[in-house]
Undergrad: 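Supplied in structure tokens, the structure appears directly below.
Since we're looking at a predicted model, the values are computed, not measured.
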Amino acid sequence: MFLPLTPIVKNLLIINGLIFLAQITFQNKFPIDELFAQHHFLSKDFKPHQLLTYMFMHDTRNFFHIGFNMLALYMFGSKLEMVWGPKRFLTFYLVCGIGAGLISGLATFVETYPLISDLNFLADHPTARNFTMLVKKYDSIRASFSPETLAMVNSRVNDPNLAKEIFNVAGQLKGDVTRGQMVGASGAIFGLLAATGYLFPNDVVNIYFILPLKMKWFVLIYAGLELWSAIQNNPQDPVAHIAHLGGGLVGFLIVYFSYRRGNRRKLF
């Protein structure tokens, strides 16, 4: 049985699709990602509006990214909009997406702050000794410099140009640390999943259109997999698992506290 395409879900699908086409069309002519994707909070490219705009953008190299997000938006968003109405549903969707961006951004900030702090110290005190200590302290930086490079730096302690070179390297490394971008509606979608799992726990979702699973178990298993992936913190994994979990957490907290009195149509 197919759900009707509700007004806000339909418009969100259209907006995401149009922006995706704009990304593909203008990505080499206009800095769309630089302006609207979410950047590291300490990046020179970060702007507050990105906490909203990032959720309407997707990875143009991976059509499954937007495809699965839009399918989930239709599957879970339509029913929630029918229950809550357009205004409440849109508010919920946007709050979950912004909350996901904030939680992910804060997690990245906390994770990278020690390194950024050390890089700032190195920029203020650009000596061969401080440079060597920093490289030895962080595996991610050590991989970028060979032992021969470190030996060469230590052999130039009396070189008047060394401090300027180390200062520049510290700036480049800080730029590398804060260069990452985040795009995608997944955080907001996870908020929809959490709300659907809470309000309609016994609804059945067919995994890959074959395996039937109750919504409550689907959400818990999916959240568990995301948590496991986040804990692994694989540098080769481009997925923002913390954003997914953050959106789900925001969505769950909203519906949990909104429905504590048992009014199944109440929200906010």
Side-chain angles (χ1 to χ4, degrees), residues 5-78 81 86-87 89-109 112 116 171-193 226 229 234-247 250:
L5 187 59
T6 51
I8 296 299
V9 169
K10 179 179 71 174
N11 283 295
L12 287 173
L13 291 172
I14 292 172
I15 292 170
N16 277 273
L18 290 175
I19 292 177
F20 187 72
L21 290 176
Q23 286 181 259
I24 295 174
T25 304
F26 301 109
Q27 60 186 348
N28 295 323
K29 304 175 184 178
F30 186 75
I32 295 178
D33 290 350
E34 285 75 8
L35 291 174
F36 301 115
Q38 182 174 323
H39 292 71
H40 192 291
F41 286 170
L42 294 180
S43 169
K44 62 181 178 61
D45 295 319
F46 173 74
K47 300 293 185 296
H49 69 261
Q50 294 168 0
L51 290 168
L52 174 66
T53 57
Y54 88 94
M55 72 178 81
F56 294 97
M57 304 176 65
H58 289 83
D59 185 357
T60 56
R61 300 165 300 180
N62 183 1
F63 285 88
F64 288 104
H65 187 211
I66 187 172
F68 279 120
N69 277 345
M70 295 303 98
L71 178 61
L73 173 60
Y74 163 71
M75 290 175 60
F76 307 113
S78 296
E81 185 178 349
K87 183 178 179 180
F89 171 75
L90 178 60
T91 301
F92 178 83
Y93 180 86
L94 295 177
V95 169
C96 288
I98 293 171
L102 280 171
I103 291 172
S104 178
L106 287 171
T108 302
F109 174 83
T112 57
I116 292 173
Q172 292 172 4
L173 291 172
K174 185 177 178 181
D176 292 340
V177 173
T178 60
R179 184 170 291 128
Q181 301 176 2
M182 184 174 74
V183 295
S186 302
I189 298 299
F190 263 75
L192 303 184
L193 287 175
E226 288 293 325
S229 297
N234 184 353
Q236 304 302 319
D237 184 358
V239 179
H241 300 289
I242 296 297
H244 296 177
L245 293 169
V250 171

Undergrad: Do D176 and R179 make a side-chain contact, defined as non-hydrogen atoms from C-beta onward lying under 4.5 Å apart?
TA: yes
Undergrad: Taking D59's backbone N and O only, do any of them form a donor-acceptor pair with H65's side chain (distance below 3.5 Å, no angle check)?
TA: yes
Undergrad: Hey, can you pull the donor-acceptor pairs under 3.5 Å for the side chains in residues 181-193, sequence neighbours left out?
TA:
{"unit_1": "Q181", "atom_1": "NE2", "unit_2": "H39", "atom_2": "NE2", "d": "3.4"}
{"unit_1": "S186", "atom_1": "OG", "unit_2": "N69", "atom_2": "OD1", "d": "3.2"}
{"unit_1": "S186", "atom_1": "OG", "unit_2": "N69", "atom_2": "ND2", "d": "3.2"}

Undergrad: Atom CG of D45 and atom CZ of F36: how far apart are they, to the nearest 0.5 Å?
TA: 12.5 Å
Undergrad: For the pair E81 (side chain) and V9 (backbone), establish whether a donor and an acceptor sit closer than 3.5 Å, ignoring hydrogens and angles.
TA: yes
Undergrad: Any side-chain heavy atom of M55 within less than 4.5 Å of one from L94?
TA: yes
Undergrad: Looking at every heavy atom in both A243 and A100, which two are closest together, and how far apart are they?
TA: O-CB, 3.2 Å
Undergrad: How close do N16 and I66 get, counting heavy atoms only, and between which atoms?
TA: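 It is O-CD1, 3.8 Å.
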Undergrad: At what distance, to the nearest 0.5 angstrom, does CD1 of I98 lie from OH of Y54?
TA: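 It is 8.5 Å, given to the nearest 0.5 Å.
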Undergrad: I'd like to check F46 versus T178 (side-chain heavy atoms, cut-off strictly below 4.5 Å). Are they in contact?
TA: no
Undergrad: Which value, rounded to the nearest 0.5 Å, describes the distance between I24 atom CD1 and F63 atom CZ?
TA: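 Rounded to the nearest 0.5 Å, the CD1-CZ separation comes out at 4.5 Å.
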Undergrad: With rounding to the nearest 0.5 Å, note down the distance linking CZ in F41 to CD1 in I116.
TA: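 Between F41 CZ and I116 CD1, I get 12.0 Å after rounding to 0.5 Å.
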Undergrad: Assess whether side-chain contact (heavy atoms from CB on, under 4.5 Å) is satisfied between T53 and K47, documenting all intermediate values.
TA: CA-CA 10 Å; T53 57; K47 300 293 185 296; over 6 Å; no
Undergrad: Taking all non-hydrogen atoms of both residues, which atom of L35 and which atom of H49 are closest, and how far apart?
TA: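 For L35 versus H49, the nearest heavy atoms are O-NE2, 2.8 Å.
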Undergrad: Give, for atom CE of M57 and atom CD of Q50, the distance between the pair rounded to the nearest 0.5 Å.
TA: 9.0 Å
Undergrad: Rounded to the nearest 0.5 Å, what's the gap from OG1 on T6 to OH on Y74? Could you check?
TA: 9.0 Å
Undergrad: Could you tell me if the side chain of L13 sits less than 4.5 Å from the side chain of L5, heavy atoms only?
TA: yes
Undergrad: How close do S104 and I242 get, heavy atom to heavy atom, and via which atoms?
TA: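 Minimum heavy-atom contact is CA-CG2, 3.9 Å.
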Undergrad: Is the backbone of G101 close enough, under 3.5 Å, to the side chain of Q38 for a donor and an acceptor to pair up by distance?
TA: yes
Undergrad: Fit a plane to each ring of F64 and F68, take the angle between them on a 0 to 90° scale, and name the class: parallel (under 30°), tilted (30 to 60°) or perpendicular (over 60°).
TA: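 If you compare the ring of F64 with that of F68, the planes turn out parallel.
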Undergrad: Do I19 and H58 touch side chain to side chain, with heavy atoms closer than 4.5 Å?
TA: no
Undergrad: Any side-chain heavy atom of L73 within less than 4.5 Å of one from M70?
TA: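 Yes - at least one pair of side-chain heavy atoms lies under 4.5 Å apart.
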